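Reviewing the structure listed below.
Sequence positions, counted from 1, serve as the residue numbers for this chain. The structure presented is a predicted model; accordingly, all values stated were derived computationally and were not measured.
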Amino acid sequence: MIQCLPATGRYGEYVGEVTLRFDDDFQCIQSEIMAEDVRHLVALPGDKEWIQHQANQGHEILQACQVAELSQSFTNHLPEYEATQFVAGLMGEYYQVPAVVLNSGMIVEEIPQHLTLDDLHDILPHSIRMVKFTVTGLELLSIMRELYDVGNYLKTQRIVGMGFRGKQFGDIVTQGLDNQNDELLYQGSPVIATQTYVVLMPDQYLFASYFPILKSSGSAEIQFPRFMREIVADDLANRDNS
C-alpha cells in the first residue's frame with residue numbers, strides 16, 4: 001500500500017490523500033481518493049509565522065540568483081509598453097516566429113536593469129506558455145479584429161482565471177503585425193486572404209473563452225514544456241555570459 005499527501009485545487013484550497021493498493025505483481029488493484037477543504041481544518045499556533053518564513057526564505061534564494069545585467073530598465077506604460085515589447089521580442093526570437101501578440105498586463109512589473117530570478121517571478125508570475133497559431137490571411141484578419149475589440153473591453157478587467165496572476169489584462173501589443181490606414185500588415189506587407197501566416201500568442205488566449213474566433217481558426221500548437229519566465233531567464237543569462 002502506498003499513501004501520499006497531495007495538494008488539490010487550483011490554489012491549494014484542498015488537501016488530499018490518495019491510497020493505492022498493489023498486488024504481488026505491482027499492479028494497482030484499488031485506489032481511494034479523498035479531498036478535504038482546508039478551510040475546515042484547525043489552524044495551529046505558529047502556522048502563519050512558518051508560512052511567512054518559508055516565503056521569505058524563497059525570496060532570499062531567488063534574489064541571490066542574478067539573471068542578467070541589462071543595458072537599461074524597461075517600463076511598461078502606454079504607448080510604448082517597452083517591457084511588453086522586450087518580452088515579445090524574446091519570445092519571437094526563441095520560437096523563430098516573426099509575429100507575436102501579447103497583452104501588456106501579462107508583464108506584471110517593470111523590468112529592472114539588475115534582474116534576478118526573484119524579479120522574474122514578480123514580472124512573469126504565471127505558468128503560461130506560448131502557442132503557435134497557423135491561420136489563413138482571412139482568419140488572421142478576423143482574429144485581430146476580435147483581439148482588439150474584445151481586448152478593448154478586457155483592458156481594465158482583472159483576469160484571475162486560467163492561472164493568470166496579473167493586475168489587469170492591459171492593451172494588445174504586437175510585433176510583426178501592424179495596422180496602417182485600416183490595413184493589417186504582416187512584417188510590413190499587406191495580409192493576403194489566401195496566404196498562410198504564423199503568429200505566436202499566450203496559451204491563455206487559447207484556453208480562455210473570450211476569443212472564440214481565435215479558438216476555432218486554423219491550427220494551434222502549444223509550445224511545451226517551457227514557461228515564458230524560463231525562456232526569458234535562460235535567454236538573458238546566455239546573452240549576459242556570452
Can you tell me if D119 uses its side chain to pair, donor with acceptor, with the backbone of T116 under 3.5 Å? yes

Would a hydrophobic clustering, with Ile, Leu, Val, Met, Phe, Trp and Tyr connected at side-chain separations under 4.5 Å, put L138 with L147? no

Applying a strict under-4.5 Å side-chain criterion to I, L, V, M, F, W and Y, I'd like to know whether F22 and I29 cluster together. no

Keeping the roles fixed (side chain from Q175, backbone from Q85), state whether a donor-acceptor pair exists under 3.5 Å. yes

Evaluation steps, side chain to side chain contact (heavy atoms under 4.5 Å, CB included), between L177 and V101: CA-CA 8 Å; L177 288 167; V101 177; 3.9 Å; yes

With sequence neighbours left out, write down each residue that passes side chain to side chain donor-acceptor pair (under 3.5 Å) with H59, or none if nothing qualifies. D118

Examine distances only and state if a side-chain atom of N103 and a backbone atom of G151 form a donor-acceptor pair shorter than 3.5 Å. no

Return the set of residues passing side chain to side chain contact (heavy atoms under 4.5 Å, CB included) with Q54 (not counting sequence neighbours), or none when no residue passes. W50, Q57

So CE of M34 and OH of Y14: to nearest 0.5 Å the spacing works out to 13.0 Å

Sequence neighbours left out, what passes ring pair (Phe, Tyr, Trp, His ring centres under 6.0 Å) with F86? Give chain and number order. F74

Quick one: do Y210 and V135 end up in the same hydrophobic cluster if we chain Ile, Leu, Val, Met, Phe, Trp and Tyr together by side-chain heavy atoms under 4.5 Å apart? yes

Verdict with supporting geometry, L62 and L120, side chain to side chain contact (heavy atoms under 4.5 Å, CB included): CA-CA 9 Å; L62 293 176; L120 269 183; over 6 Å; no

Looking only at non-hydrogen atoms, find the nearest pair between N76 and S104 and report the distance. ND2-O, 3.0 Å

What residues, two or more places apart in sequence or in another chain, satisfy side chain to side chain donor-acceptor pair (under 3.5 Å) together with E80? none

Measuring from atom CD of Q66 to atom CG of L117, what distance do you get when rounded to the nearest 0.5 angstrom? 10.0 Å

Here the salt bridge (charged side-chain N to carboxylate O under 4.0 Å, His left out) pairs for residues 122-151, sequence neighbours left out, are none

What is the minimum heavy-atom distance between I192 and Y197, and which atoms define it? N-OH, 2.8 Å

Show me the pairs that pass salt bridge (charged side-chain N to carboxylate O under 4.0 Å, His left out) and involve residues 87-97, at least two apart or across chains. E93-R239

Using side chain to side chain contact (heavy atoms under 4.5 Å, CB included) as the criterion, list what pairs up with N152, not counting sequence neighbours. K155

Nearest heavy-atom pair of L70 and P112: which atoms, and what distance? CD1-O, 3.6 Å

Please report the interatomic distance CE(M144) to CD1(I213), rounded to the nearest 0.5 Å. 12.0 Å

Supply the atom-to-atom distance T75 OG1 to E82 CD, rounded to the nearest 0.5 angstrom. 4.0 Å

Verdict with supporting geometry, L124 and I107, side chain to side chain contact (heavy atoms under 4.5 Å, CB included): CA-CA 6 Å; L124 298 167; I107 289 71; 4.1 Å; yes

For residues Y148 and I172, report the shortest heavy-atom separation together with the two atoms involved. CE2-CG2, 3.8 Å

Could you tell me whether the side chain of D203 reaches within less than 4.5 Å of the side chain of F224, counting heavy atoms only? no

Decide whether Q52 and N56 meet the rule of one side-chain donor and one side-chain acceptor closer than 3.5 Å. yes

Closest approach of A88 to V100 (non-hydrogen atoms, all atoms of both residues): O-CG2, 3.7 Å

When you measure from the side chain of Y94 to the backbone N and O of V232, does any donor-acceptor pair fall under 3.5 Å? no

Can you list the residues that meet the side chain to side chain donor-acceptor pair (under 3.5 Å) rule with H40, with sequence neighbours excluded? none

Please collect all side chain to side chain donor-acceptor pair (under 3.5 Å) contacts where either partner lies in residues 22-39, sequence neighbours excluded, each pair once. R21-E32, Q30-E32, D37-R39

Pick from T174, L214, V97, L206: which one makes a side chain to side chain contact (heavy atoms under 4.5 Å, CB included) with M201? L214

same_hphob_cluster(V173, V150) at 4.5 Å side-chain heavy-atom cutoff: no

With sequence neighbours left out, what residues match Y81 under side chain to side chain donor-acceptor pair (under 3.5 Å)? D171

Out of curiosity, M91 CE to M106 CE, how far, rounded to the nearest 0.5 Å? 11.0 Å

Using a 4.5 Å cut-off on heavy atoms from C-beta on, say whether the side chain of I123 contacts that of V108. no

If hydrophobic clusters are built from ILVMFWY residues whose side chains come within less than 4.5 Å, do L78 and L154 share one? no

Could you go step by step and tell me if V199 and I143 meet the side chain to side chain contact (heavy atoms under 4.5 Å, CB included) rule? CA-CA 11 Å; V199 183; I143 288 168; over 6 Å; no

Between P202 and I128 the two heavy atoms that sit nearest each other are CB-CG2, 3.9 Å

What side-chain donor-acceptor pairs closer than 3.5 Å can you find for residues 181-190, not counting sequence neighbours?
residue, atom, partner, partner atom, Å
Y186, OH, V198, O, 2.7

Y205: partners by ring pair (Phe, Tyr, Trp, His ring centres under 6.0 Å), with sequence neighbours left out: F211

